[in-house]
Amino acid sequence: MTLADLRVPAVAGLDLRPEHQHLPNPYAAVTRCDLTASRADGELVVTDLPTVEVRLGGGEWTANWFTSDWGDEFTPQQEVVTAPLHLGIRTGRSSKGMHPWLCLTRQDGHAVVVSPAWSGNWRIDVEPVPDGLVVRAGISPWAFARTVRPGRAFRAPSVYVAEADTADAATAGLASAASRWVTPRTPDFPLTWNHWWPYEDQEIDEATFLANAGVARDLGYDLAVLDAGWFGGADAGSFWWQVRGDWAEENTVRFPRGTAGLATATREAGVAFGVWCEVEAIGDDALVAARHPELVARRDDDPGFHGAREDDPGWLGYVCMGSPQGRAHVLDTLDGLVTRTGARWLKVDFNLDPGPGCSRTDHGHEAGDGLYEHYCGLYEVLDQLRARHPQLVVEDCSSGGLRLDLGLLGHVHCGFLSDPDWTEFQLQLLWGVSKMLPAASIFHFSESQWRTTHPRQQLDPKTLSLDAFDASLRAVMLHRFALSLKLVELSPAQRQRVRDHAEVYRCHVAPLLREHGVIRALTAQPRRDGAGERWPAFQLSAGSRHVVMAIALDGAPQETVVRPLGLAPDSVYRVSLLGPGADAQDLATPTGTGTALGADGITLRRTSGATSWLLLVEEVPGK
């Protein structure tokens with residue numbers, strides 16, 4: 001029985017054209033909902049237009065969603081729906097406040113997932129009615145206004161709706177559909193090193209970068225990524241935050257040969273080159289604002305909103321891509337950076353809250369739709385950039401994971417989960433993001449070595465046990481990942497561990513990412529600070545191929561049972577350990593039928609002293 005009845009919200013005076021596209025996948029019924037509003041004559045100012053209205057049948061429904069802030073992404077929330085529930089954000093970044101995702105589950109297990117595919121302000125409103133629920137989702141009406149007239153329609157942001165008999169199937173369906181129908185694909189899945197956390201912009205220079213790039217090559221890695229600190233003029237003490245936007249100025253004190261020379265030297269060291277750019281941002285000291293005032297986003301004459309600077313309340317701190325000149329500036333900047341460096345990886349960051357967005361009326365947009373046009377412009381530029389540089393992997397980052405949504409992920413290859421990345425927290429994030437994104441679209445660092453202080457980021461390779469090091473690597477092995485460590489300080493044993501895990505990733509994980517692999521949680525969500533599941537397990541599957549990851553966190557018992565999903569009932573499966581650190585005595589269930597492994601599970605024991613396991617679950621031919 002179909003649970004979700006998809007309807008078009010009624011708005012007087014508008015010609016509404018809905019488009020509901022079914023997205024086939026192995027797990028659930030998934031629909032992409034689009035809506036275009038137009039007028040044949042006259043004009044109408046639209047301030048509230050949800051993309052879709054979802055009507056659900058009777059019964060007790062429970063809402064599940066995730067709140068989000070810097071270093072605190074994918075924090076679970078749950079509420080039985082007995083009164084109206086209003087979810088959404090007003091920060092101008094899709095995941096700053098909460099993630100654009102809601103899962104509604106009924107008492108009988110049936111589930112409906114609703115996810116606005118929008119990088120700006122969005123809304124999901126849930127209203128109990130006598131015969132069930134009404135859910136409305138789309139762009140937020142807060143501070144939004146759009147004039148619709150002949151020749152100027154309004155295309156509302158897409159909303160994805162997934163439904164299935166279980167929440168696991170509905171969320172896996174959304175992720176699978178995103179992989180097959182939404183997100184761009186890349187020909188390879190390179191292993192990367194990023195300089196940021198151990199060096200930031202204060203201790204990085206050409207010699208340091210190249211020394212680590214050489215070690216990365218020896219470890220079997222493919223890319224070295226230069227993060228912030230390369231731009232803004234020749235000043236050894238410059239602070240990256242203040243000079244964001246001055247991308248034409250390069251710091252030749254730190255990098256005497258500039259980014260182009262560094263990129264050439266990196267390739268000569270044996271690895272490809274990648275680079276970071278917060279291309280939308282304008283720092284307070286950036287010269288570009290004075291040189292090109294036509295680019296600057298502003299929110300003037302708005303007493304209800306204060307921008308990024310106390311001395312200039314209208315200052316928003318970014319380039320308005322709702323304007324043709326803003327779009328051209330951003331495309332020229334990124335195209336020039338990638339062209340002169342030959343970059344294979346581009347990290348696109350965004351570290352500010354645009355709120356309601358630009359209200360300038362000399363940019364080609366109106367006072368009330370500046371943020372809408374900004375994100376339409378960003379999507380357009382990213383598509384043009386990828387078309388010009390098909391070798392490029394484009395990563396979305398926004399103060400970590402504060403702009404993770406299916407809108408932006410339709411135009412880049414992967415999204416960064418969070419700035420903090422200690423193993424326990426990484427697993428909390430993975431549990432949440434896997435319910436929205438496919439494995440190929442998920443990107444994070446393994447536990448990093450921070451130059452500055454964080455209460456939980458205290459990794460020191462000199463005192464780190466090999467078991468803990470294995471766990472930090474395995475925690476990110478089911479999706480794209482990078483290292484942000486001082487590679488030059490790793491011990492010989494740690495370097496060999498990195499090589500061994502890299503080989504496992506290439507042989508057993510990367511092929512599943514290419515084949516639309518989806519990650520499904522096999523346990524409850526682990527939580528930071530010792531909460532939640534203490535022996536979390538996850539399964540990466542593509543067709544009949546499966547890899548299972550399990551980590552024993554602090555407080556875990558001596559053994560656990562892991563029950564894989566989606567196995568053929570009558571087939572016989574072999575379960576084998578992948579990578580270093582654990583041995584056969586940890587694995588008490590090496591074979592079984594699909595029915596047996598799904599019901600009785602795979603028993604893991606902490607016999608060898610290992611704290612992490614990667615398991616290959618493969619069908620035995622002819623049995």
Side-chain angles (χ1 to χ4, degrees), residues 4 6-7 9 11 33-35 37 46-56 61-70 72-104 112-128 133-146 154-162 174 299 302 304-305 350 352-357 368-376 398-399 401-409 415 432-433 435-436:
L6 306 179
R7 303 186 183 185
V11 180
C33 304
D34 290 291
L35 181 67
V46 176
T47 59
D48 186 3
L49 181 60
T51 301
V52 68
E53 182 175 283
V54 185
R55 291 183 175 257
L56 304 181
W61 291 89
T62 299
N64 301 271
W65 70 98
F66 298 100
T67 54
S68 174
D69 206 337
W70 183 89
D72 194 19
E73 296 87 346
F74 289 102
T75 299
Q77 309 294 329
Q78 186 179 86
E79 181 178 316
V80 176
V81 182
T82 58
L85 177 65
H86 302 288
L87 306 180
I89 55 103
R90 296 182 176 185
T91 58
R93 287 194 285 177
S94 59
S95 299
K96 176 65 180 295
M98 61 182 65
H99 293 281
W101 179 95
L102 171 68
C103 181
L104 291 157
V112 174
V113 175
V114 179
S115 185
W118 187 237
S119 303
N121 298 322
W122 55 268
R123 51 92 78 82
I124 303 175
D125 298 320
V126 183
E127 180 185 355
L133 296 179
V134 174
V135 184
R136 298 179 181 89
I139 196 168
S140 170
W142 176 70
F144 171 74
R146 170 80 170 195
F154 170 61
R155 186 171 179 85
S158 301
V159 173
Y160 291 88
V161 179
L174 178 62
R299 190 79 186 181
D302 188 347
F305 178 77
F350 192 55
L352 57 96
D353 294 336
D369 64 358
L371 189 67
Y372 171 83
E373 291 292 348
H374 177 85
Y375 281 120
C376 290
S398 186
S399 308
L402 300 188
R403 200 164 63 175
L404 279 173
D405 59 84
L406 288 169
L408 188 53
L409 267 295
V433 75
K435 300 186 179 304
M436 179 170 66

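Partners of Arg136 according to the side chain to side chain contact (heavy atoms under 4.5 Å, CB included) rule, which considers only residues two or more places apart in sequence or in another chain, are Pro50, Glu53, Glu127, Val134.
Residues His86 and Arg123 fail the side-chain proximity criterion, which asks for heavy atoms closer than 4.5 Å. Using a 4.5 Å heavy-atom cutoff, the side chains of Leu35 and Val52 are not in contact. At a threshold of 4.5 Å between non-hydrogen side-chain atoms, the residues Leu404 and Phe74 count as touching. With a 4.5 Å cut-off on side-chain heavy atoms, Tyr375 and Pro354 count as touching. Between Ser158 and Cys33, the closest side-chain pair of non-hydrogen atoms is not below 4.5 Å. With contacts defined as side-chain heavy-atom distances shorter than 4.5 Å, the pair Trp61/Val80 does not qualify.
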side-chain contact (heavy atoms from CB on, under 4.5 Å) between Val161 and Val112, worked out: CA-CA 7 Å; Val161 179; Val112 174; 3.9 Å; yes
May I have the step-by-step check of side-chain contact (heavy atoms from CB on, under 4.5 Å) for Val113 and Trp101, ending in yes or no? CA-CA 7 Å; Val113 175; Trp101 179 95; 3.4 Å; yes
Give the C-alpha distance, both sets of side-chain angles, the deciding distance and a yes or no for side-chain contact (heavy atoms from CB on, under 4.5 Å) between Phe66 and Thr75. CA-CA 5 Å; Phe66 298 100; Thr75 299; 6.0 Å; no
How far apart are the C-alpha atoms of Ser115 and Met436, what are their side-chain angles, what is the distance that settles it, and do they pass the side-chain contact (heavy atoms from CB on, under 4.5 Å) test? CA-CA 8 Å; Ser115 185; Met436 179 170 66; 4.0 Å; yes
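Looking at Asp69, its side chain never comes within 3.5 Å of a backbone N or O of Asp72 through a donor-acceptor pair. Judged purely by atom type and a 3.5 angstrom limit, Thr91 uses its side chain to pair as donor or acceptor with the backbone of Lys96. In terms of modelled atom types and a separation under 3.5 Å, the side chain of Ser68 and the main chain of Ser95 share a donor-acceptor contact. Although no hydrogens or angles enter the test, the distance criterion places no donor-acceptor pair under 3.5 Å between the side chain of Arg403 and the main chain of Ser94.
Considering CG of Asp353 and OG of Ser399, their distance stands at 7.5 Å, rounded to 0.5 Å. Rounded to the nearest 0.5 angstrom, Thr67 OG1 and Leu87 CG are separated by 10.5 Å. In this structure, CG on Asp48 lies 9.5 Å from CZ on Phe144, to the nearest 0.5 angstrom. For the atom pair Trp118 CH2 and Leu408 CG, the distance stands at 10.5 Å (nearest 0.5 Å). The CG atom of Asp405 sits 11.0 Å away from atom NE2 of His99, with the distance rounded to the nearest 0.5 Å. Rounded to the nearest 0.5 angstrom, Leu402 CG and Ser119 OG are separated by 12.5 Å.
The two residues Glu73 and Gly401 have their closest heavy-atom pair at OE2-N, 3.2 Å. In terms of heavy-atom proximity, Thr51 sits nearest to Pro157 at OG1-O, 2.6 Å. Across every non-hydrogen atom of Pro356 and Asn121, the tightest pair is CA-ND2, 4.1 Å. Closest of all the heavy-atom pairs between Leu371 and Gly120 is CD2-CA, 4.2 Å. A pairwise comparison of heavy atoms in Pro100 and Pro116 identifies O-CD, 3.5 Å as the closest pair. The heavy-atom pair separating Tyr372 from Arg155 by the smallest distance is OH-O, 2.7 Å.
Residue Leu104 forms a side-chain contact (heavy atoms from CB on, under 4.5 Å) with just one option from Thr62, Leu85, Val81, Val54, and that option is Val81.
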